[in-house]
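Everything on this sheet refers to the single structure shown next.
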Amino acid sequence: MNSEDFYDSIAEQYDTFFQDESSKEEDAKVKEHLLAFDKLSEKRVLDIGCGTGLLLEMVDIVDYIGIDPSHAMLDVFKKKFPNKTALKTEFEDYHWLNNREVLISLYGSISYIDPNYLSDYLTHYHGEFYFMFYNDKYKPVTYDKAGNTAEHNNLFKYKFIDKWLKGANIFFLGNYVIFTSLENL
């Protein structure tokens, strides 16, 4: 099962997978990180792998675009945030990256993007960013909940880290490695 079909199959239950205390604590820490962006709510933000809209639950962003390949996840998103823009597209097919001031990808969504494409594309991007990659050998909780065995690209498969993210600040949070333009988190 590819990742789009997998997330389509769990979209209606997705948010319920993260109601435990550990997930809520992780969300609180991520929200604290995001609020460290100067005036994030006023910037032009692209949410890569927006899913059901977790970023908007954390921060009210005026100029927001979310992208996700799962139509079912976007159906849930649109019920929760009918006045926000979310597009069904793969990152590789989204071509307006440079009109966004901040790129955000929460909880491993960026780990599904082709690393070579991401490397080439981000070479031309000069804005702020917050990317949460799956840590090496981490299997997402959603896989256990839904019985999926699909593979994703873990952090160490990303050859571009030395090329593009070399100057990024690196932080660890649970099963994630965060690469960001933010300092002192």
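Values below: all heavy atoms of this structure, side chains included; hydrogens, waters and symmetry mates excluded.
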| request: May I ask you to say whether Glu26 pairs ionically with Lys29, meaning some side-chain N is under 4.0 Å from a carboxylate O? | output: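 Salt bridge absent between Glu26 and Lys29.
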
| query | Between Arg100, Lys39, Lys84, which is the residue that forms a salt bridge (charged side-chain N to carboxylate O under 4.0 Å, His left out) with Asp63? | reply | Arg100

| field | Centroid-centroid under 6.0 Å between Phe18 and Tyr14 rings | value | yes

| task | Run the ring-centre check on Tyr107 versus Tyr176 and record whether the distance is less than 6.0 Å. | result |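 Here the rings of Tyr176 and Tyr107 have centres that are less than 6.0 Å from each other.
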
So do [Y] and [X] actually touch side chain to side chain, heavy atoms under 4.5 Å?
X      : Y      : result
Tyr94  : Leu87  : yes
Val102 : Leu40  : yes
Phe179 : Asn169 : no
Lys31  : Glu57  : no
Val30  : Tyr130 : yes
Glu42  : Val62  : no

Look only at the side chain of [X] and the backbone of [Y], and say whether a donor-acceptor pair between them is shorter than 3.5 Å.
X      : Y      : answer
Lys43  : Glu101 : no
Thr180 : Phe129 : yes
Asp68  : Gly51  : yes
Ser181 : Glu128 : no

| Mind checking what makes ring pair (Phe, Tyr, Trp, His ring centres under 6.0 Å) contact with Phe81, not counting sequence neighbours? |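 With neighbours one apart ignored, the set is Phe77.
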
| task | Could you please spell out the steps behind the side chain to side chain donor-acceptor pair (under 3.5 Å) verdict for Ser70 and Asp8? | result | CA-CA 6 Å; Ser70 167; Asp8 282 350; 2.5 Å; yes

| field | From Leu103, Leu55, Ile65, residue fulfilling side-chain contact (heavy atoms from CB on, under 4.5 Å) relative to Val45 | value | Leu55

| Going by atom types only, do Asp15 and Thr52 share a side-chain donor-acceptor pair under 3.5 Å? | yes

